[in-house]
Amino acid sequence: MKKIELLAPAGDLERLKIAVLYGADAVYLGGKQFSLRSRASNFDLADIAEGVKFAQAHGAHVHVTVNMLPHEEDMEGLKEYLMELERIGVTAIIAASPTIMMCAKQYAPKLEVHVSTQHSSTNASAANYWKSKGMDRVVLARELTLKEIQETAKHAQVPLEVFIHGGMCISYSGRCVLSNNMTGRDANRGGCAQSCRWKYRLYEKERPLHDEQDLFSMSSKDLMAARFIPDLIQAGIASLKIEGRMKSAYYIATLIKTYRLLIDEVYEKGNLSEERLLWYYQELAKAENRPTAIGFYEGQPLPQAQLYGVNGAGVTQEFIAYVLAYDADTQIATLEVRNNFKPFIEAEVFGPHITTTRFTFAELYDKDGKAMEVAKTPMQIITAKVPCVMEKDAMIRKVMKKDRSAIY
């Protein structure tokens with residue numbers, strides 16, 4: 001049986017390379033045209049070509065989202081765009097519009113076409129319908145339980161992809177017009193303003209139901225489905241997808257590294273112990289900037305899976321340095337500062353080939369060799385002697401405790 005794919009988001013070329021280096025089998029990205037998530041950096045064709053070349057050199061694939069629901073005026077240049085993606089070497093497009101799907105099959109037949117989760121495919125009959133139309137993969141709706149996924153996988157004649165981590169749309173599979181009505185920004189043409197995460201005053205007729213100090217929002221916690229990965233592998237799911245094209249390189253590196261280790265351990269050992277699962281939860285928590293829950297995997301989400309007073313992502317400052325170079329003989333690491341830190345603090349390093357290792361910094365030095373009391377300038381290049389093995393492209397974070405012993 002073919003090993004399950006780990007599919008990572010990439011908001012720009014830097015994040016694409018990080019995802020691939022840290023273990024993604026494939027990345028998905030949005031182009032400048034025909035893609036949702038317009039606030040992501042997104043790729044022009046030259047960047048897509050560079051990303052494909054880098055991914056292929058590391059045995060990975062690139063999928064491009066062509067998932068907007070186009071109006072008549074949006075159709076210009078579609079055929080040429082798809083043909084160029086095929087020529088560049090893109091493996092697949094992710095599409096929501098049947099027009100785009102059929103256009104790809106006609107004019108760029110080497111491209112796989114993956115049916116977007118926006119189609120709310122919730123059963124094998126729907127998946128097999130898309131198979132009959134020549135589609136190559138179906139991304140299942142996020143509103144399915146594990147049992148429903150397993151049943152669908154038994155009878156589907158097309159490879160299936162499921163989400164395992166990231167933001168959850170409060171509307172059914174992204175079919176939302178709150179943003180359109182409140183801001184004039186079309187959510188299904190790339191302009192979602194995430195109106196669900198705003199804070200609202202709530203009334204029953206004229207009677208206020210809200211607390212002025214803690215206004216209401218209608219967003220959910222992020223999805224974190226690590227515990228279900230053995231079941232998804234056993235079910236024969238083709239791809240495990242992480243949401244987050246607007247997330248940071250540190251977020252991507254942390255999640256991809258952790259899920260890579262988890263998937264590989266499942267293939268090696270089978271089901272994981274609660275102790276091992278807790279270790280993975282703790283690792284994933286080190287990148288979280290919003291609370292997590294298990295979505296629909298065990299049924300209708302409970303109240304504790306929702307966000308009420310909290311309406312958006314917080315800012316994490318755990319990521320303190322990026323490793324530009326490491327000299328194994330001198331144990332000197334050349335670092336790029338990302339967040340404020342001081343000498344002699346306890347920290348952790350992880351990298352493409354390094355599992356989380358804890359250490360204590362010694363002195364820090366600026367580019368002139370002068371000892372520093374604090375590293376506080378983002379992107380400043382400094383050096384430090386470190387007592388453990390590091391590698392280029394590794395990341396260093398502060399040690400901060402986040403309890404993940406209870407996951408809803």
Side-chain angles (χ1 to χ4, degrees), residues 5-45 47-48 50-52 54-55 60-69 81 85 90-96 100 114-118 137 139 142 161-171 173-174 176 179 185-194 196-197 219-220 222-224 239-259 284 287-290 292 312-313 315-316 319:
E5 175 186 84
L6 177 58
L7 179 57
D12 57 24
L13 203 51
E14 177 200 11
R15 285 172 278 182
L16 179 152
K17 292 178 179 179
I18 288 294
V20 170
L21 288 172
Y22 276 75
D25 299 303
V27 296
Y28 67 99
L29 55 90
K32 297 288 187 184
Q33 300 170 273
F34 307 107
S35 174
L36 300 186
R37 287 299 198 191
S38 62
R39 288 192 295 136
S41 299
N42 289 339
F43 291 65
D44 59 26
L45 287 169
D47 284 340
I48 295 175
E50 184 178 344
V52 168
F54 183 88
H61 301 285
V62 172
H63 304 172
V64 175
T65 59
V66 192
N67 58 346
M68 74 182 301
L69 299 180
Y81 182 67
L85 293 181
V90 168
T91 298
I93 64 164
I94 304 167
I100 292 176
H114 298 174
V115 180
S116 170
T117 189
Q118 289 169 276
R137 181 186 292 182
V139 187
R142 277 177 264 197
E161 178 177 303
V162 299
F163 282 87
I164 57 166
H165 203 106
M168 295 284 284
C169 184
I170 197 67
S171 187
S173 294
C176 179
S179 177
R185 288 167 50 177
D186 192 336
N188 287 302
R189 295 166 82 191
C192 182
Q194 297 198 26
C196 59
R197 297 197 186 275
S219 58
S220 71
D222 281 3
L223 173 65
M224 197 285 282
S239 181
L240 302 176
K241 187 172 195 173
I242 295 171
E243 184 276 337
R245 283 194 282 141
M246 296 171 66
K247 299 289 191 178
S248 69
Y250 168 69
Y251 178 94
I252 299 301
T254 303
L255 263 60
I256 296 304
K257 178 68 177 183
T258 305
Y259 279 115
L284 293 168
E288 288 171 6
N289 51 13
R290 189 182 287 129
T292 61
V315 177
T316 175
F319 177 30

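What you see is a predicted model, and the numbers here were worked out from it, not measured in a lab.
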Is the side chain of Glu5 donor-acceptor paired with the backbone N or O of Asp25 at a distance under 3.5 Å, no angle test?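 Not confirmed, Glu5 side chain does not pair with Asp25 backbone.
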So does Lys247 get a backbone contact from the side chain of Arg15, meaning a donor-acceptor N/O pair under 3.5 Å?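 Looks like yes, one N/O pair under 3.5 Å.
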Is the closest side-chain heavy-atom distance between Leu284 and Thr254 below 4.5 Å?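 Sidechains of Thr254 and Leu284: no contact.
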Side-chain touch Leu45/Leu85, heavy atoms, less than 4.5 angstrom: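 Yes. Closest side-chain heavy atoms under 4.5 Å.
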So, using side chain to side chain contact (heavy atoms under 4.5 Å, CB included) as the criterion, who are the partners of Ala92 when residues are at least two apart?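 Partners of Ala92 under the side chain to side chain contact (heavy atoms under 4.5 Å, CB included) test: His63, Glu112, His114.
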Kindly give the heavy-atom pair with the smallest separation between [X] and [Y], and that separation in Å.
X: Met68; Y: Ile100; value: O-CD1, 3.9 Å
X: Ser220; Y: Arg197; value: O-NH1, 3.5 Å
X: Phe163; Y: Arg142; value: CD1-CG, 3.5 Å
X: Pro9; Y: Ile242; value: CD-O, 3.3 Å
X: Tyr22; Y: Ile256; value: O-CG2, 3.4 Å
X: Ala287; Y: Leu255; value: CB-CD1, 3.8 Å

Residues in salt bridge (Lys or Arg N to Asp or Glu O under 4.0 Å) contact with Lys257, at least two apart in sequence or another chain: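 Lys257 satisfies salt bridge (Lys or Arg N to Asp or Glu O under 4.0 Å) with no other residue.
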Test side chain to side chain contact (heavy atoms under 4.5 Å, CB included) applied to Ile94 and Val64, step by step: CA-CA 6 Å; Ile94 304 167; Val64 175; over 6 Å; no
Side chain to side chain contact (heavy atoms under 4.5 Å, CB included) assessment of Ile93 paired with Thr65: CA-CA 6 Å; Ile93 64 164; Thr65 59; over 6 Å; no
With side chain to side chain contact (heavy atoms under 4.5 Å, CB included) as the test, would you mind laying out the steps for Val20 and Phe54 before giving the verdict? CA-CA 8 Å; Val20 170; Phe54 183 88; 3.9 Å; yes
